Protein chains: 2
Amino acid sequence: MANPRSTTRAGRSTGAVTLQRVAEHAGVSIATASRVLHGGGSRTVGEELRRRVESAARELGYVSNAPAQALARSATSVVGLIVHDVADPYFAAIAAGAMRAARRQRLMIMIAATFRDPELEIEYVRSLRAQRARALLLAGSGTDDRSLTDRLAAELAGFREDGGRVACIGERGAGPAVPLDHAGGAARAATELWRLGHRRIGVVAGPAELLTVQQRLAGARQALAQLGGELPDSRVVFADFTRAGGREAALELLAREPGLTAVLALNDVMAAGVLAAVQDDLGRAVPGDVSVVGFDDVPFAVDLRPALTTVRLPLEEAGERAVQLVVEEAPADRPPLGVSLVVRDSTGPAPQR
Amino acid sequence: MANPRSTTRAGRSTGAVTLQRVAEHAGVSIATASRVLHGGGSRTVGEELRRRVESAARELGYVSNAPAQALARSATSVVGLIVHDVADPYFAAIAAGAMRAARRQRLMIMIAATFRDPELEIEYVRSLRAQRARALLLAGSGTDDRSLTDRLAAELAGFREDGGRVACIGERGAGPAVPLDHAGGAARAATELWRLGHRRIGVVAGPAELLTVQQRLAGARQALAQLGGELPDSRVVFADFTRAGGREAALELLAREPGLTAVLALNDVMAAGVLAAVQDDLGRAVPGDVSVVGFDDVPFAVDLRPALTTVRLPLEEAGERAVQLVVEEAPADRPPLGVSLVVRDSTGPAPQR
DNA sequence: ACGGTCATGGTAAGCGCTTTCCACGAGGTA
DNA sequence: TACCTCGTGGAAAGCGCTTACCATGACCGT
């Protein structure tokens, strides 16, 4: 006797409407009811009975019990999505793409925000494992902390063993991934700055332990090196991946090297902070005195003043692809998503000395 | 025989590790194992056995099966959140708040984006019903379409009958709600404009059928009337709740009534479009020629140029409260969330004629 | 007419848990 | 000593589905 049945206000015992009741109402076996209501794999049900079951279900207001189905089939239709922070436009875009795809696949997506706590991330993949999610989408880059990464990997391995699929958005070494060319994007941005005559470029980076920032940073550094320039450590400062972080970092950067003519912010929300620092706090002109370029091309980039030149990452499409990947709706060998530089008004020729 | 057991690559049949196996490994009954691993309601288990079970679980790498638990207890720990669009900062903020609270409650949140399709919304509450979600959070306002609203209400009633709780963010007439004072906020914005000397004010509104816009509009209208002013229909234009919508609406509005000295945008993302239209397309100064005020105070409002004066809605807190409400962590009679006007640079005295 | 195929309906054995009983021994009380 | 009450452990009956397997009858070819 696991559960007491619920009762209406009038006191008549009703219980929830179950397949059982639908079957009785329609005068068929519950096997038949199941087959018509939930598409009983390759079995057909006669016209007459099918109709009876369908109307019984409608009359009774039957709603299937997903947990019970999950238990019986040992498969669910939920996919988990783990992000750092839903309110960050970067992740919001990915989530939006994932939802769009999920809708097509009739999947439900369960989302978890780690608030950048790796510990919590591990805890969430465990929860999603318990939920028997059909797949797991990891957005948001990992860190370079070995022990954390290993524990995460173990949990993911377990998830896979239970038959779950996992996809990472942005490389992370864990399973099939939707690659995002962070390095290439950064290289493109640096190259553009170089082309404009900038020789003393600084970068405002996010948390140093994030793989994403390492990749972006490396991309910029390498491009500059190839061009004959350089990006000494003194010209990069790490801070939170937030507006405030960007602002503080920019202030510090410009204090350290007042001669910088351009700064590359490793994401758009930091870039907003940089713009504020340079223009409002320092009273310098953008792009007259210093050019700034962002990264991601989030929706509000165009509304910054000056409108932000930035590296566009097809985030929404990445989210979409990730779910396609785990439900193999799409061939695994699609061309990688391209990054591109969108030039707006925050960049200009380096000022003459 | 419902399910084939899974098999390792080596061919040894392993099966998933179930409570059953943990119990065997620990040499106890599965009842006992259940009690120690899942806190068997008010029953205590001896020190010794408890330890044995715990280490057995750890050694075997046991992960509980949420669907099975849900079936047995007929209760889950997932709460559904239905929004229009996760990428919209308004909803993203609500979602972030909800996630924060969910984490404290050890709940998982399942999110669904309707992309503003009421049909889809109904479909999603049905899915969430099937999932046996413990509660449902409806963010995003409803429409005034009677038939749609009724169908939604029916579905929600069913959800409640099954024991689910539902909370709306922003009034919607469906169950306990986290009220958001849309009208009051709009009134405050209008009043400020009036105080600055503006007498010919226009409003750029979202879709006319949304309750939210109706409330905001009504608030502004009433405040103006009270002040001795007016807001004729010719001065409000409806458009999509997007940047593009805001821009087009602003263009149309100013074409219709070139003498407007201020425009109130019914949300910040539309306000961004308005700013673009007024300054870039029309070449007029803000706030010199026309003042603009937004609504919501999304994070990027401060980065718009000029920085946007807007009505602040405590969205994140609203999301948090909504989940507290459905899990009754908090008393139901907390003071309502306050709205406030944050004055920045996009508003100024009405220009002298 | 007979064995063989199909198409279609039902039976019942699970899926992995939770929880109600029941059993049993230890201590307390009268 | 007889009778209770606790504190603990286990047996087993579900929870609401899915699906292998069996039964039945119709239809076919020979």
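Letters go in sequence order (proteins before strands), and every chain restarts at 1. As the structure is a prediction and not an experimental result, all values here were calculated from the model.
Rounded to an integer number of Å, the gap from R73(A) CZ to dT19(D) P is 6 Å. Nucleotide dG16(C) holds its C1' atom 6 Å from the CG atom of N65(B), rounded to whole Å. Between the CG atom of L19(A) and the P atom of dC15(C) there is a distance of 19 Å, rounded to whole Å. For the pair D162(A) CG and dG16(C) P, the interatomic distance rounds to 11 Å; values are reported in whole Å. At whole-Å resolution of the value, NE2 in H38(A) and C1' in dG16(D) are 9 Å apart. Between L71(B) atom CG and dG14(C) atom P the separation is 17 Å, expressed in whole Å. Between R52(A) atom CZ and dT8(C) atom C1' there is a gap of 14 Å when expressed in whole angstrom units. Taking atom CG of L37(A) as the reference point, atom C1' of dG16(D) lies 13 Å away to the nearest angstrom.
Here E121(A) does not pair with R116(A) in a salt bridge; the nearest charged N to carboxylate O distance is not below 4.0 Å. Electrostatic pairing of E123(B) and R151(B) does not count as a salt bridge here, judged by no charged N lying under 4.0 Å from a carboxylate O. Using a 4.0 Å cut-off between charged nitrogen and carboxylate oxygen, E48(A) and R52(A) count as a salt-bridge pair. E47(A) has a carboxylate O that lies under 4.0 Å from a charged side-chain N of R51(A), or vice versa, which qualifies the two as a salt bridge.
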Going 5' to 3' through nucleotides 5-11 of chain D, assign each nucleotide B (protein heavy atom under 4.0 Å from a base atom), S (under 4.0 Å only from sugar-phosphate atoms) or - (no protein heavy atom that close). ---BBBB
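Contact check, Q69(B) against dG16(C): no side-chain N or O comes under 4.0 Å of OP1 or OP2.
Tested against V166(A) for a side chain to side chain contact (heavy atoms under 4.5 Å, CB included), the candidates L128(A), L137(A), V125(A), L136(A) yield a single pass: L136(A).
Of all nucleotides listed (dC15(C), dG16(C), dT18(C)), dC15(C) comes nearest to the side chain of A72(A).
We find the CZ-OG distance between R129(B) and S64(A) to be 10.0 Å, quoted to the nearest 0.5 Å.
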